[in-house]
Amino acid sequence: MRAACYLASWVLPVAGAPLRDAGVLVGPDGRIVAVGPRAQLPAGEAIDRVDLGAAILLPGLVNVHAHAELAAFRGLLEDLPFPRWITTLRRCKQEAAATPAELRAAALLTCAESLAVGITTFGATEDSDAAAAALRETGMRGVIFREVFGPDPQQASAALQELVQHLDALQSEAGELVQVGVSPHAPYTVSDELYGLVARLAERRQLPVAVHAAEAEAEASLVVRGEGPFAAGLRARGLATPPRARSIVALLERTGILALRPLVIHAVRVGAEDRGLLAAAGASVAHCPTANARLGHGVAPVVELRAAGVNVALGTDSVASNNRLDLLEEARTAQLLQRARLASASALPACELLEMVTLAGARALGLADRIGSLEPGKDADLCAVAIDRPHTEPAHDPLATLFHAARGSDVVLTVVRGRVLYRAGRLLTIDPADTRATLHALAARLAAARGTSR
Ligand SMILES: [Zn+2]
């Protein structure tokens with residue numbers, strides 16, 4: 001790889017104030033050498049100059065929560081109450097029985113969609129190995145949180161054994177850019193025993209942990225009172241549903257998960273005590289405002305979480321609930337919902353949104369020493385957003401332009417560790433056309449499975 005100097009009308013280093021007419025020099029090893037005003041950056045025959053013109057250049061976006069293998073679910077599960085949404089999703093998944101080629105297609109299309117909107121890294125909670133392979137194939141960066149399910153305490157050790165086998169298989173896909181972690185799915189699919197076993201495994205193997213938690217009302221009813229639709233479903237399977245903890249965060253604390261500084265996905269229902277526990281544990285939150293709104297869960301108290309000292313990053317969740325993977329739009333939605341909730345004109349300002357989609361995301365995935373800001377020595381994960389379009393002009397304030405005028409479709413460049421993966425509408429490592437027919441075959445079986453419940 002040759003050294004390259006990317007120049008743009010604005011550079012947002014995140015580590016410092018926005019720079020006008022500036023650039024980023026990337027060494028042949030894919031690391032950042034220098035960030036600064038155009039005039040101060042070295043030139044020469046050994047350096048490729050890439051002048052992006054009227055554009056905002058910033059760190060590659062970090063989407064801390066996605067489900068790459070669910071790409072074929074987009075639009076399939078509209079308007080269902082959450083307990084039915086999740087049981088229908090799981091039943092359709094089971095009945096459609098995706099082939100490895102179909103899971104690969106779904107994961108590759110998720111990567112394609114992500115790269116085209118400037119996402120360079122994602123945290124993916126997955127029930128297969130497809131996403132790890134897709135990240136490697138496309139050259140993206142990510143952490144794969146291998147999911148484990150099991151509400152029956154009697155089957156906790158069998159579920160753990162299966163998880164260990166999956167983790168061992170995934171190790172062959174892991175490497176410089178792809179890491180492997182674990183995700184005990186959610187309180188309504190995981191027993192306290194299984195949480196405890198996974199916590200001990202994660203500690204022993206030093207694995208990052210992600211958990212869906214404090215998302216739904218039905219989940220809180222189950223954990224706190226042993227009641228509600230999830231409790232009824234478990235009792236129908238012969239499982240007891242005693243109250244388990246005074247809150248979902250308290251359940252994570254009691255089972256040993258919270259001590260592992262997990263990525264807590266959703267955290268919509270977290271009171272002051274929960275927020276204090278999350279902060280004291282050094283946990284991060286994956287805030288998914290669009291998915292939370294579309295499923296009727298409400299609005300997470302992001303401003304209060306941040307005030308308590310919790311690292312809050314942004315996730316799209318899957319296209320089964322969102323149905324887009326546009327992190328710039330997600331950030332705008334996050335701000336709008338906080339401002340509507342608090343009747344505030346200043347909550348979650350754009351400088352905080354910028355941190356949430358970059359450095360806070362890197363922190364949440366344990367990657368802040370390598371990515372998340374433009375600083376010499378860090379890996380050159382970059383994206384650039386064109387701002388010479390009718391809907392982005394004029395750019396009085398680059399942050400307002402980025403989050404409130406531009407869209408993911410204005411991204412013109414995506415780079416991971418110095419390697420260009422997307423440029424001016426073209427994906428350079430994959431051709432989505434190769435996988436589309438495979439995805440449609442899976443989508444047709446999912447639709448048939450969905451149809452039987454209508
Ligand atoms: Zn999720």
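Whatever order the structure lists ligands and atoms in, that order sets their numbers, starting from 1.
The Zn ion (ligand 1) is the vertex of the angle joining NE2 of His212 and NE2 of His65, which measures 100° to the nearest 10°.
Taking 2.8 Å as the threshold, His266 does not count as a candidate ligand of the Zn ion (ligand 1), since none of its N, O or S atoms lies below it.
Between the side chains of Asn322 and Glu330, a donor-acceptor pair is found at a separation under 3.5 Å. Remark: the Thr316 side chain and the Asn63 side chain contain an N/O donor-acceptor pair separated by less than 3.5 Å.
Asp317 contributes atom OD1 as its closest N/O/S atom to the Zn ion (ligand 1).
Aromatic pair His212/His65: ring centres closer than 6.0 Å. Aromatic ring centres of His404 and His391 lie farther apart than the 6.0 Å criterion allows.
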